[in-house]
**Student:** 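What follows is a single structure, and I will ask about it in a moment.
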Amino acid sequence: MQSRRWFGGAGFSFADDPVTETLSQAIRGTGEELDREPDTGVLFGSLRGSVVGLRYYTGVVNKGEMVSLVRQPQNPYDRNAVMVANVYGSQVGHIKRELAVLLANIMDNNLARVEGVVPFGVTNQFTMSVVLSFWGREENRDAVVRQITSRSFKLQSGPTGFMCADGSRDLPRKSVLLTAEELKNAFDNLFENLMEDKIGEREAVEAVCTPLLPHQKQALSWMCVSENNAALPHFWEVKGKLFYNTLTHSSVRERPQRVRGGILADDMGLGKTLTTIALILSNFHHGKPLCEPEKSSPEPKASTTARKNPEGKCVCSDISGTCSSLTNVDSALSLSLALSLSPSGKSGDGDQAEVSVAPAGHSPCMRANQAETQVVCVESVDVVQEDVVEDGDKDLVSEKKAKGRPQGGKAKATTTKKAAKTKGKAVSTSRKGKSVVSPVEAASSQSTDDPAARATLIICPLSVLSNWLDQLDQHVRADVKLNVYLYYGSERNRDTHFLSSQHMVLTTYNVLSADYSGSASPLHTVSWLRVVLDEGHIIRNPNTQQSKAVLKLNTQRRWILTGTPIQNNLRDLWMLVAFLRLKPFDVREWWNRVIQRPVTQGDKTGLQNLQALVKCVTLRRTKTSRVCGRPLVSLPERSVRIEEVELTQKEREEYELAHTEGRTTISRYVAEGTVLRNYADVLAILVRLRQFCCHPGLLGKTTTHTGVVAVTPAELRERLIMKLRLVLGTGSDEECAVCLDSVRLPVITHCAHVYCRPCIAEVIRSEQEQARCPLCRGQIKASELVEFPLEEEEESNLLENWRSSSKVEALMSSLLRLRSEDDSIRSLVVSQFTRFLTILEIPLREEGFKFVRLDGTMSQKRRAQVIQEFQSDAPGSPLIMLLSLKAGGVGINLSAASRVFLMDPAWNPAAEDQCVDRCHRLGQKRDVVITKFIVKGSVEENMVKIQRQKQDLVEKAFGTKNPSERKTSRVDEIRALMEL
DNA sequence: ACCGCCGGGTGCC
DNA sequence: ACCGCCGGGTGCC
C-alpha cells in the first residue's frame, strides 16, 4: 500500500482517471499498439550522407551531435528539400539534393522517421557528413529498404557511426542494457529521494499564518531557489564562450534559458497547496516577500518603513506607497478584498460558477453572490504610485479613497462577511526608476523579464478550486490583503489590466482552454509572474486544447503540482517538461531521441539522463519519506482485512451457471488463440461474474450471451449496447484512445471499441472509406457507430423486486455492528458499480442510516456539497458515504471517515489505494480500517491474487515492453482468473 | 572545395 | 578539333 510506485496509479489519485486500467488500456496493452506516438519503432538501418550549404547558415554543431531533418516542400529550388537543423532549431544546412529526393519520399509517405547525427562535426565551411538512421514500423521496412537501394544508396544495418547519448561511438549498439528488474528499480526510484540536495529550510513570511512542517519548509526553500537561482542545470557546461549540453552534445552561444520553477510532486496530503501559497507570498521579485516595500524606493517614507522591518516580514503599503509592517497590523493600511463563496443561483451544470471571488462592486458576479468567506488581500508596494494609474482607473482609486479604506484592517477583515472594499484596478505598468538589486539578485533576473509582472495564475481542475479558496482562507493571515480573483463563470472580468494587477488569479483548465480557443484570450495576454498548474498531470496529453493553451501562457516562472508526475507511461512526463521549457527537451524529437527511446529500450545512459533531468526540476516526497530519520507526517495506522463472503445456495447456483458458460467461451478463445481479438467479450464475461458476486441485480435485463455470432442487425446492436454499458458501468473511467481523455458522448464501434463520438467521427471523416478502428484496425463506418440509448427506467424495477445478496448482508452486519459499538465512526462504502450503490441504498435506508452518495455522474457542485456534508461534524450529518471508485479525485478530502468498505476488488490495486488515501491522509485522527469483501471461490479471489502479481509488473511503468511478452501475460491473467 | 562540375581556350611530342 | 586535356571560375536547396 505504499506509494513508492509513483506511476501506474499507486498512492495517488487523479480526478478524471482513478482507475488506470481501463478497457482501452487493457486492449492497447495487448500489443495492438497504436503507433500514433512515433517515439518507438525499429531501426531499419543507417546511411552516410552529406549536408551542404553550411556557409549560408549560422547553426553550429559539434562532433557527435544530433541534428533534426525538416522537410521543406515549399523550397523554391527543390520541392524535395530537407533542411538540417541543430538541437536549438538553427539551420545548419541542407541534405544534398540526390539524397534529399530519397528522404523526401520516405518522410512524406511516413515510411520512417529519419534522424541525423553528425559524426565528425564541422570540418569545413561547405559540407559535412551526417549519419542518417531510419526508424519505423516493421511493416514499412521493406518499402524503406527498397526506396533506398533503388536509388543506389547503401543501407547499413544498425546504427553505424551512431553516437551514443554519452558521446562515445556506438559501435554496433554497445550501450549497456539493463535487465527488466534493474530498470524497474531505477524507474521506481526515479522520483524518490529527490530531496537530498534540497534540504535547506525556509520559513514562510508572516503573512502565512499556518506554521510550515519541516518538509514544507524544505519545499519552500527549494522552490524559492528554483525561482531565483541563476544556475543552469548541471547537464550544461561552460566550454569557452559556449554553453555545452552534455546530454545532446550541443552548444549554444547564448546562455540557455533555465527553468524557473519545476515540479512539486509530493504525495497528496503533504501540503502542496500550502507550500505554494507560502511561495507566492514569500518570493516576489528578487526573492522579496510579495508585499515588501522597495528598499530603493525614492520615497523616503517607504524606505524608512521598510528598514524597520526585519527580513522576511511582510510589509504592506497603501496605494500611495506608504508602507507599514504587517507585524504592526493596526497601522497597516489595508485594502480588503472580499471573497465570496456562495451557491450561485444560476449554476446548473459544472461550468457555471459556484464560487466567485471578486472585488466588490467591480464584478457583476458579486451582485448575484453573497459573500460567506472573507479573503484577504495583501497590498503590495508594487502596486504602483498613483501617477501611474491609468485614466480609467483613477475613478476606482478615488472611489476607494472616498469610501475610505478600512483602517486597522484586522478587525474589519474578520468581521466583514460581505464583499467589502476593493482596490479595483491597480495597474502597474510603467515602473521607472525602480529597484536597485543586489548582484546576486541581478544575476538571477533575466533581462527579458517584465518587471511589472506580479500576478500568479493558478490553474486547477474545477473540483479543487474551492479547495484553493479554503486553503487561502485558512493559511493566509486575516489581516493580510491578498488580491485574489476567481476567473471563472460567464461574468468573469476579462480586463487584462485588472487581471495583471491581482496577486493571484484562480481559474480552471476548462476556462483557460475555452478562452484560448476564442479570439483574444485575456489569460494569454497578461504577463504573469508565475503560473501554477495544480494537478498538473492533467496536461499529460499534449494533444488536448488545455495542454496547448497552457503552453502558450506568458510567464516568468512555471510550476506543476502533482502527486503523479507520470500517470501510465514515461511519455506523460514530456508535456510537463515542455511546459517547464526545459530546453531542449521541450521539443519532442530531442525528448524522444535522448530520453524516451533509450529508456524504453533499457539503455542505461538514457536512464541516467532521465534521472538527471527529472532531478533538476523535481521535488518529491511520499508519505513514507523521512526527514532526518523521521517521517514527514505521522498518519494513524491503517489496516486491511479481507472478509470472505460465502454465497447462498441459490446465489452459488446462479454464479456457477454463468461461470461455466463463461469458461466454455473463454477456453474456446484460448484454444483458438483468439482471446485478444475477443477481448471485449472476455471482459464482459468477467464483469458479469464480478457483478454476480455483488448482487444479481447488477446484471441488468440484457443478458444476451456473448460470444455467439449475432445474426440480425438488431441483435448486434443490442449486444453492442450491452458491451457499452458494461464498459461504462464498471466504474472504470473509460479512456478514449483518440483523445486519451475520459470518454464523452460514448459510442461503440462494431468491433466493440469505445470512443468519444466527436473523436471517432473525426477519424472517419479524415480517413473516409479507409477508416479503421484506431484500436484494432478493423474497418469502421459512421453509420455503424452505436450510441448509448436513453437509459430505460430499470431503477424502479430494481427497487420493486428487491432481494438481498450475501455481500449486501455482509456489509450491513458490519455497519450495524459498528454503529452499535461507536456511532461516531464514519464509513466509506466503495464499489465500482454505481448500480450496486443504488442497491445498497435500500437496506441502508431501511436500517435508518443517514448516508450521502458520491459518484461520477454528479455535477461538481453537487459533489462539493456532498463532501462538505459528509465532512461536517454537525449533528445529524451522514455516517456513511456511498462512493463509486471513479468518483471524486485528487484533493478530495474524506478524512471524516475512518472505515472503508471495498465492496468489490478492482482490476488495479492502485485504484483502491487511492480511494483509501482519501480518508487516510492528513487530518485523519483515527486508525483507518479497510475491509475488502471477497466472495469465496469466485473470480474475485483470483483477482486478488493477480492484483498482487500485478503490483510488480514492469510493463505498467513503461507500457512499451516486448508486445509478445505482454500478450502472453495478459492471456495468462485471464486464464488464471477463469482457472483454465 | 586540398573536391566535382562547367565551359572556354586550346591542340604532336 | 563534331574530340581530349588544361586550368580558371565557381559552388546548397
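Every chain is numbered from 1 and lettered A, B, ... according to where its sequence line falls, protein lines coming before strand lines.
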**Student:** Could you state the CG-C1' distance from A:Leu99 to C:dC12, rounded to the nearest angstrom?
**Tutor:** 13 Å
**Student:** Between atom CE in A:Met128 and atom P in B:dA1, what is the gap in whole Å?
**Tutor:**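 Between P of B:dA1 and CE of A:Met128: 15 Å.
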**Student:** Testing the 3.5 Å rule here: is there a donor-acceptor pair between the side chains of A:Tyr244 and A:Ser250?
**Tutor:**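 Judged by distance alone, the side chains do not pair up.
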**Student:** Send over the distance from A:Met107 CE to C:dC13 P, rounded to a whole Å.
**Tutor:** 16 Å
**Student:** Starting from C1' on C:dG9, measure out to CZ on A:Phe126 and report it in whole angstrom.
**Tutor:**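 In whole Å, C:dG9 C1' lies 13 Å from A:Phe126 CZ.
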**Student:** If you look at every heavy atom in A:Ile764 and A:Ala771, which pair is closest and at what distance?
**Tutor:** CA-CB, 3.8 Å
**Student:** Please classify the glycosidic conformation of B:dA1 as syn (within 90° of 0) or anti (everything else).
**Tutor:** anti
**Student:** Determine the contact category for A:Leu54: base if any of its heavy atoms lies under 4.0 Å from a base atom, sugar-phosphate if only primed atoms, P, OP1 or OP2 are that close, otherwise nothing.
**Tutor:**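 No contact.
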**Student:** Mind calculating the distance between CG (A:Asn80) and P (C:dC12) to the nearest angstrom?
**Tutor:**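 These atoms are roughly 17 Å apart.
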**Student:** Check the angle between the aromatic planes of A:Tyr516 and A:His524 and answer parallel, tilted or perpendicular using the 30° and 60° thresholds.
**Tutor:** tilted
**Student:** Taking the C1' atom of each, how far is C:dG11 from B:dG4, in whole Å?
**Tutor:**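 Approximately 10 Å lies between the C1' atom of C:dG11 and that of B:dG4.
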**Student:** Between C1' on C:dG11 and OH on A:Tyr77, what's the gap in Å once rounded to a whole number?
**Tutor:** 14 Å
**Student:** Mind calculating the distance between CZ (A:Arg55) and C1' (B:dA1) to the nearest angstrom?
**Tutor:**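 Distance, rounded to whole Å: 9 Å.
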**Student:** Counting any heavy atom closer than 4.0 Å, what does A:Asn75 reach on the DNA or RNA strands: base, sugar-phosphate only, or nothing?
**Tutor:**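 If one applies the 4.0 Å heavy-atom cut-off, A:Asn75 turns out to touch a base.
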**Student:** Please say whether more than 12 non-hydrogen atoms of neighbouring residues, nucleotides or ligands are located less than 6.0 Å from CD in A:Glu254.
**Tutor:**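 Counting neighbours around CD of A:Glu254, 12 or fewer heavy atoms of other residues, nucleotides or ligands fall under 6.0 Å, so no.
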**Student:** Is C:dC3 paired to anything, Watson-Crick or G-U wobble with both distances less than 3.5 Å, and if yes, which nucleotide?
**Tutor:** B:dG11
